[in-house]
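Heads up: the structure comes next, in structure tokens.
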Amino acid sequence: MLSRDYLRSETQSARTRLSSRGVDPSLLDRWVALDFGRRSILGDVEQLKQRRNELSKQVGGIKREGGDPDALLAEVGELKKKIAGHEDHLVETEAELTGLELALPNLTHESVPMGADEKSNRVERTIGETTSFDFEPKAHWDLGPQLGILDFERGAKIAGARFTTYFGDGARLERALINFMLDLHTGEHGYREVLPPFIVNRDALVGTGQLPKFEEDLFKLRGHEYYLIPTAEVPLTNLHRDEIVEEAVLPIKYVAYTPCFRAEAGSYGKDVRGLIRQHQFQKVELVQLSLPEISYAALEELTGHAERVLQVLELPYRVVTLSTGDTGFSAAKTYDLEVWLPGQNAYREISSCSNCEAFQARRAGLRYRPNTGGKPRYLHTLNGSGLAVGRTLVAILENFQLGDGSIRIPEVLRSYFGGRDRIASG
RNA sequence: GGAGGGGUGGCAGAGUGGUCGAAUGCACCGGUCUUGAAAACCGGCGUCGGUUCACGCCGACCGCGGGUUCGAAUCCCGCCCCCUCCGCCA
């Protein structure tokens, strides 16, 4: 959510900046009308309530002294009717107002490149050489089944399309990556490990911005107001919902491994082969709750933590700033990390690191009390994959494949394989 | 699933229809005292919204949502959460 103060006092700028994200400018006009209407009704209703409260007090006094309050009661009766009418109107106005506010995306930071889609994204830096081979490299959807470590058919048999089953060293590699990432972020980057519920309620999803707009992307439990999490960002960011924390505890840094579930509505025909786009995938997620003043430094730091995983695994990648049109609903600025995949001859997203500023904090009621005392303020939220585990596994298979179809295990993962340096058939 | 108990300010804990946004204690902040500190004493100390240049004023909030009433933390209904016992279960 954007702040009402901003929408009110900077309406023109809000109109321009939101339209660069594809928001219909007339929504702003509607907002202004509703906001004005709300305050006008509120003024009336509160005045009537004030009068009613005064009269009620008088009635109490009169009754105590054994008098007859009938004259006052008649006036109160009138007031009650008026108040009820105004309040119905007020409830409607507020419902439409918040509905509108919940549907407006965040404003992008001034450093974000303007553009309608990913074509306007800006490459910030490219790390490592794209892997070269003296043979024709294979895609992971060929390598995995050949090695017997990924089984797409059996994933589909027990669940459906976009589900995969891992066997043997495939399952072990996934587990090794999870442990390696968690160990790195807790041991060297100062994050506290969390194991949250993988199912959340509606409020949590509204808090981070998936709802009410993107319901069709989510798996909902039948007969319950429960949803499978699309990312650990949802439980982690909502951990302190409706709390006021002391400034001294900031920044709060959480890391969690969770499976993630996405309906992938509207992506039919996209990445249908392999592990790239699944209904369920594993992810290690980083979340920070930050002081507003330093949240952009925190974004650089958090992005660096995700990059560190790729560096230690010796995977080539690049960092891209998403354009205004490609930036997600809740984010003010997003860096995507794209890993080189020889099987596709392309860089593919493996992490997305965002500063949401106070957008989620307003929705979720995340505030802090300044050291100097005074009013609570909204804090800033950041999140980033550190990393998407399935895609990391893909990158390892494709980048470290050897001519004989076996896979070289990166140095830092060997301790999770009892010291072995190869994944070979069987 | 069955039976019972409970959700009040940062914490503990009063309050069962009328100046109750809420006693009291602790914690916290400021002051007095003190060489300094502690103790003691004095004062302050919730959130949101509206309005105001400001001081302030007004409204709302005692898990959430409805209802009864001139008036609800207090009575009624629904829901959520927590605890205890039984059943079941990993």
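Chain identifiers are assigned alphabetically (A, B, ...) following the order of the sequence lines, protein sequences preceding nucleic acid strands; residue numbering begins at 1 within each chain.
- Across all strands shown, B:U32 is found opposite B:A40 as a Watson-Crick or G-U wobble partner, with both distances under 3.5 Å.
- Here, B:U34 and B:G49 have their P atoms 46 Å apart, quoted to the whole Å.
- Here A:Arg362 lies out of heavy-atom contact (under 4.0 Å) with every strand.
- Nucleotides B:A72 and B:U19 place their P atoms 11 Å apart, quoted to the nearest Å.
- Only the P atoms considered, B:C86 is 39 Å distant from B:A73, to the nearest whole Å.
- Here A:Tyr6 pairs with A:Ser13 under the side-chain hydrogen bond (donor to acceptor under 3.5 Å, both in side chains) rule; sequence neighbours left out.
- Note on A:Arg4: nothing from the nucleic acid sits closer than 4.0 angstrom, heavy atoms only.
- For A:Arg192 and A:Tyr254, the positive end is not near the middle of the six-membered ring at less than 6.0 Å and at most 45° from its axis.
- Put simply, the residue from A:His380, A:His109, A:Lys333 that forms a side chain to side chain donor-acceptor pair (under 3.5 Å) with A:Ser295 is A:His380.
- Regarding A:Arg38, its CZ atom lies at a distance of 12 Å from the C1' atom of B:U51, rounded to whole Å.
- B:C75 sits 16 Å from B:A14 when the P atoms are compared, rounded to a whole Å.
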Measure all distances between protein nitrogen or oxygen atoms and nitrogen or oxygen atoms of nucleotides 59-65 of chain B, and list the pairs falling under 3.5 Å.
residue: B:G59; atom: OP1; partner: A:Asn53; partner atom: ND2; Å: 3.3
residue: B:A60; atom: OP1; partner: A:Arg52; partner atom: NH2; Å: 3.3

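- Nucleic acid contact for A:Leu55: none, since no nucleic acid atom lies under 4.0 Å from a heavy atom of the residue.
- For the OP1/OP2 pair of B:U51 and a distance below 4.0 Å, the side-chain nitrogens and oxygens of A:Arg39 include at least one atom meeting the criterion.
- Listed in residue order, the members of residues 75-98 of chain A having a heavy atom less than 4.0 Å from RNA chain B are A:Val76, A:Lys80.
- In this structure, A:Arg172 satisfies the cation-pi test against A:Phe417, with its NZ or CZ atom closer than 6.0 Å to the six-membered ring centre and inside 45 degrees of the ring normal.
- Side-chain proximity of A:Arg369 to B:G46, B:C70, B:G50: nearest is B:G46.
- OP1 or OP2 of B:C48 lies within a sub-4.0 Å distance of a side-chain N or O belonging to A:Arg367.
- The base-pairing partner of B:G10, taking Watson-Crick or G-U wobble contacts with both distances under 3.5 Å, is B:C26.
- Ion pairing of A:Lys213 with A:Glu215 is absent here, as no side-chain N (NZ or NE/NH1/NH2) approaches a carboxylate O to less than 4.0 Å.
- With RNA chain B read from its 5' end, the first of the two nearest nucleotides for A:Pro376 and A:Tyr226 is the one closest to A:Pro376.
- Across every strand in view, B:C85 sits in a pair with B:G2 that passes the Watson-Crick or G-U test at under 3.5 angstrom.
- Rounded to whole Å, the C1' atom of B:C11 lies 28 Å from the corresponding atom of B:G65.
- As a whole-Å value, the separation of A:Glu243 CD from B:U47 P is 15 Å.
- Rounding to whole angstrom units, CD1 of residue A:Ile244 and P of B:C11 are separated by 11 Å.
- In this structure a side-chain-to-backbone donor-acceptor pair under 3.5 Å is present from A:Arg363 to A:Val206.
- The separation between A:Met1 atom CE and B:G49 atom P is 11 Å, rounded to whole Å.
- One C1' atom belongs to B:U32, the other to B:C81, and the distance between them is 47 Å to the nearest Å.
- Between A:Asp271 and A:Arg348 there is a salt bridge, since a side-chain N of the basic residue sits under 4.0 Å from a carboxylate O of the acidic one.
- Annotation: B:C64 and B:U74 have their P atoms spaced 11 Å apart (nearest Å).
- Note: A:Phe359 and A:Phe329 meet the aromatic proximity criterion, with ring centroids under 6.0 Å apart.
- Between A:Glu54 and A:Arg51, at least one side-chain N (NZ, or NE/NH1/NH2) sits under 4.0 Å from a carboxylate O, which counts as a salt bridge.
- Between the side chain of A:Asn106 and the backbone N or O of A:Cys356 there is at least one donor-acceptor pair closer than 3.5 Å.
- The 12-atom threshold is exceeded at CZ of A:Phe167, counting heavy atoms of other residues, nucleotides or ligands nearer than 6.0 Å.
- A:Arg202 has no side-chain polar atom (N or O) that falls below the 4.0 Å cut-off from OP1 or OP2 of B:C80.
- For the P atom pair drawn from B:C20 and B:C29, the interatomic distance equals 30 Å after rounding to whole Å.
- Taking atom CG on A:Asp5 and atom C1' on B:G49, their separation rounds to 12 Å, with Å as the unit.
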